[in-house]
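What follows is a single structure, written as structure tokens, with notes after it.
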Amino acid sequence: MIELINVSKTYANGMDVLLNINLHIGKEEFVFIVGPSGAGKTTLMRLLYREEAPSSGKVIVDRVNVAELDTEQIPYLRRNIGVVFQDYKLLPKRTVFENVAFALRVTGAPRSTIRRKAMQSLELVGMLRRANAFPDELSGGEKQRSCIARAIVNNPPILLADEPTGNLDPTTSWDILQLLEKINKRNTTVLVATHNKNVVDDMKKRVVALESGRIIRDQQLGSYNV
Amino acid sequence: MFSNLEFFLIEALRSFRRGALMSVVSVVTITVALVIFGIFLLSVINLGNIVGMVSSKMDIAAYVDKDLSLETAGALQLEFSKIPGVEKVDFISRAEAWRDFKKELGSQLDLAAVIGENPLPHTFNVKVRTPDLLAQVAKKISEDKSVTEVRYSGKLISQIKSLVDAVRIGGAALVILISFATLLIVVNTIRLTVLARETDIYIMKLVGATNAFVKWPFIIEGVLIGVLGGLSSFLILKIAYDAVSFRLALALPFLPMVRDHFLLAVVYIVMIVGGTALGMLGAYISVSRVLKAEF
Ligand SMILES: Nc1ncnc2c1ncn2[C@@H]1O[C@H](COP(=O)(O)OP(=O)(O)OP(=O)(O)O)[C@@H](O)[C@H]1O
Ligand SMILES: [Mg+2]
């Protein structure tokens with residue numbers, strides 16, 4: 001499903017953030033990307049949905065090297081990858097429902113479908129009750145759930161969750177991870193970037209550890225630390 | 001895109017209202033430009049009308065040999081009327097001309113008695129279809145060996161014509177200049193509303209919106225601005241023109257302005273369509289530039 005081959009990334013400011021990354025993630029896997037702040041977790045995810053292009057190497061998503069994707073093709077790649085952003089990125093002047101519906105609207109789906117799927121998605125994350133609230137009226141956990149609802153509304157084969165439990169209490173964090181696992185069980189490849197030790201240790205999933213832009217560990221049924 | 005038309009319309013209206021001041025600035029800019037454009041078009045139409053009126057009174061006078069017989073003159077009249085561009089040929093015999101001349105002088109002076117016999121030649125009055133043909137027809141007529149002299153007031157006509165040409169060229173240059181300036185202002189004002197929504201656009205693109213999807217609401221907003229500008233310039237110009245032409249018709253009855261002509265309708269339609277095009281093009285350019293530069 002996802003394969004990174006000799007991938008390096010240097011940002012425009014000259015900072016080397018990823019160094020010769022090789023990584024294979026199979027269909028319907030659940031993988032944690034762990035590592036200290038600044039290790040390059042977010043950058044790695046940005047390469048997958050092509051917010052950034054790698055400086056060298058191949059980034060293969062569903063058999064396509066997205067590093068060489070035409071600009072016009074990028075929107076279609078993004079519709080197949082749900083992203084839960086570290087900073088949510090909800091449209092501030094729109095309600096939770098409108099935010100979720102937006103990801104469907106861009107695909108040109110008919111109105112009735114948009115409504116039905118957005119509701120289903122909000123129901124799944126337990127946000128139906130707050131559907132008409134605006135983002136700045138939500139708690140951190142609610143924003144996180146709204147963001148997840150938007151990310152999965154197109155039933156993408158891949159879901160990327162960047163620090164989905166940041167600023168959340170342990171119980172809510174646990175709920176969110178349960179939700180992500182549920183989505184994974186519905187045939188979705190899930191990548192979770194986090195430095196939340198507890199959830200990683202509890203879930204017993206594959207763990208890929210990054211440090212200073214290198215993979216220092218790749219372990220099945222892993223834990224946060226060695 | 002049509003499944004999203006309603007969404008785009010709502011987005012465009014929202015954006016128009018949110019940036020109300022910017023929207024008004026753009027509408028006013030387009031209005032001013034179009035009013036100037038309309039004044040130019042109306043001037044050209046009216047000058048054309050005056051040229052037409054003046055030149056319809058223009059004809060060529062051709063004088064022939066005194067000794068020409070009436071039969072030959074009749075043949076000549078037929079010949080002249082066959083020259084391309086000639087509308088009508090009147091023949092005035094030297095006897096008729098002499099009679100008119102004497103009548104005109106009346107009793108003021110018995111010039112006729114002084115001169116004695118009739119000194120006037122036969123005359124042809126030739127009317128042409130359009131004033132451009134005057135010189136050409138006059139030349140053709142003068143080629144006939146029995147014609148001694150040809151007269152027409154070509155100078156006045158060509159002066160009026162060159163005035164109209166100057167207005168046309170100068171006006172066209174002005175219109176192009178103003179259109180560019182307007183486009184620039186519209187591009188920059190709409191750019192501000194696009195930039196104000198930069199974060200939104202960025203997020204939209206991250207969740208899979210195409211550039212076209214992002215552009216449509218802005219383009220519709222541009223069309224809205226353009227239509228409003230076009231309509232207001234139409235209203236302003238129509239009211240002003242009707243008032244001016246009405247007064248002028250009273251003050252200068254011999255120089256009537258064009259009224260109730262289909263060309264007026266054409267001018268007004270051109271203004272509304274032009275406004276719409278300006279607004280749409282301005283929005284398209286500005287949103288494309290922001291998208292290209294930033295995403
Ligand atoms: N757009 C950018 N331009 C330049 N440098 C950047 C950019 N984005 C990130 N960086 C730098 O790249 C490094 C890796 O950033 P990244 O966001 O990938 O880390 P991270 O592992 O996600 O960290 P965190 O756990 O804090 O989210 C950091 O040092 C950051 O300062
Ligand atoms: Mg990060």
Side-chain angles (χ1 to χ4, degrees), chain A residues 42 45-46 48-53 70-94 98-115 118 121 135 146-156 158-160 162, chain B residues 1-23 190-222 224 283-295:
Chain A
T42 299
M45 289 189 161
R46 282 185 184 143
L48 298 179
Y49 61 89
R50 194 55 166 73
E51 187 183 346
E52 294 286 346
D70 284 347
T71 320
E72 305 85 68
Q73 290 300 316
I74 295 174
Y76 304 97
L77 168 74
R78 290 177 182 164
R79 292 175 197 179
N80 280 316
I81 302 179
V83 184
V84 182
F85 300 97
Q86 192 165 6
D87 53 356
Y88 319 122
K89 297 206 196 300
L90 294 167
L91 294 162
K93 296 225 169 70
R94 287 164 215 262
E98 285 169 339
N99 265 283
V100 175
F102 192 85
L104 276 168
R105 203 179 299 276
V106 299
T107 66
R111 198 149 49 134
S112 54
T113 312
I114 292 177
R115 187 162 181 83
S121 194
S146 309
C147 204
I148 294 173
R150 179 179 65 186
I152 61 172
V153 75
N154 276 320
N155 288 323
I158 297 171
L159 179 68
L160 310 177
D162 195 354
Chain B
M1 91 137 254
F2 291 104
S3 60
N4 284 312
L5 191 60
E6 186 191 349
F7 174 76
F8 291 151
L9 281 172
I10 293 169
E11 290 295 296
L13 280 174
R14 246 198 211 185
S15 169
F16 184 85
R17 264 185 296 142
R18 213 182 285 159
L21 182 65
M22 281 306 141
S23 310
I190 293 183
R191 211 162 89 100
L192 293 179
T193 73
V194 178
L195 286 175
R197 292 180 50 205
E198 224 181 328
T199 320
D200 279 21
I201 294 175
Y202 166 61
I203 296 174
M204 289 174 185
K205 293 228 63 189
L206 282 186
V207 300
T210 57
N211 280 351
F213 188 96
V214 172
K215 278 177 194 173
W216 272 113
F218 289 106
I219 291 173
I220 294 173
E221 188 184 348
L224 184 68
Y284 180 81
I285 291 173
S286 59
V287 69
S288 299
R289 279 209 297 201
V290 172
L291 277 173
K292 195 167 252 172
E294 322 234 344
F295 306 111

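Below, read A as the first sequence line, B as the second, and so on, with proteins coming before strands; counting in each chain starts at 1.
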* Looking at B/Thr199, B/Val207, B/Leu206, B/Thr210, which has the largest count of heavy-atom pairs under 4.5 Å with chain A? -> B/Leu206
* Structure fact -> Checked A/Glu72, A/Lys89, A/Arg50, A/Glu51 vs chain B; the most non-hydrogen pairs under 4.5 Å come from A/Lys89
* Can you tell which part of A/Arg150 gets under 4.5 Å to a heavy atom of chain B, answering side chain, backbone, both or neither? => side chain
* Would you sort out whether A/Gln86 and A/Met45 count as a side-chain contact (heavy atoms from CB on, under 4.5 Å), showing the intermediate values? => CA-CA 11 Å; A/Gln86 192 165 6; A/Met45 289 189 161; over 6 Å; no
* To do: Check step by step if side-chain contact (heavy atoms from CB on, under 4.5 Å) holds for B/Phe218 and B/Ile201.
  => CA-CA 11 Å; B/Phe218 289 106; B/Ile201 294 175; 4.0 Å; yes
* Inspect the surroundings of OH in B/Tyr202 and state if more than 12 heavy atoms from other residues, nucleotides or ligands are less than 6.0 Å away. => yes
* A/Pro135 to A/Pro92 - nearest heavy-atom pair and separation -> CD-O, 3.7 Å
* **Option that, when pairs with chain B are counted at under 4.5 Å, heavy atom only, ranks first among A/Asn80, A/Leu91, A/Ile74, A/Leu90** => A/Leu91
* **Heavy-atom side-chain proximity of A/Ile152 to A/Leu159 below 4.5 angstrom** => yes
* Structure fact -> Turns out that what part of A/Gln73 lies under 4.5 Å from chain B's heavy atoms comes down to neither
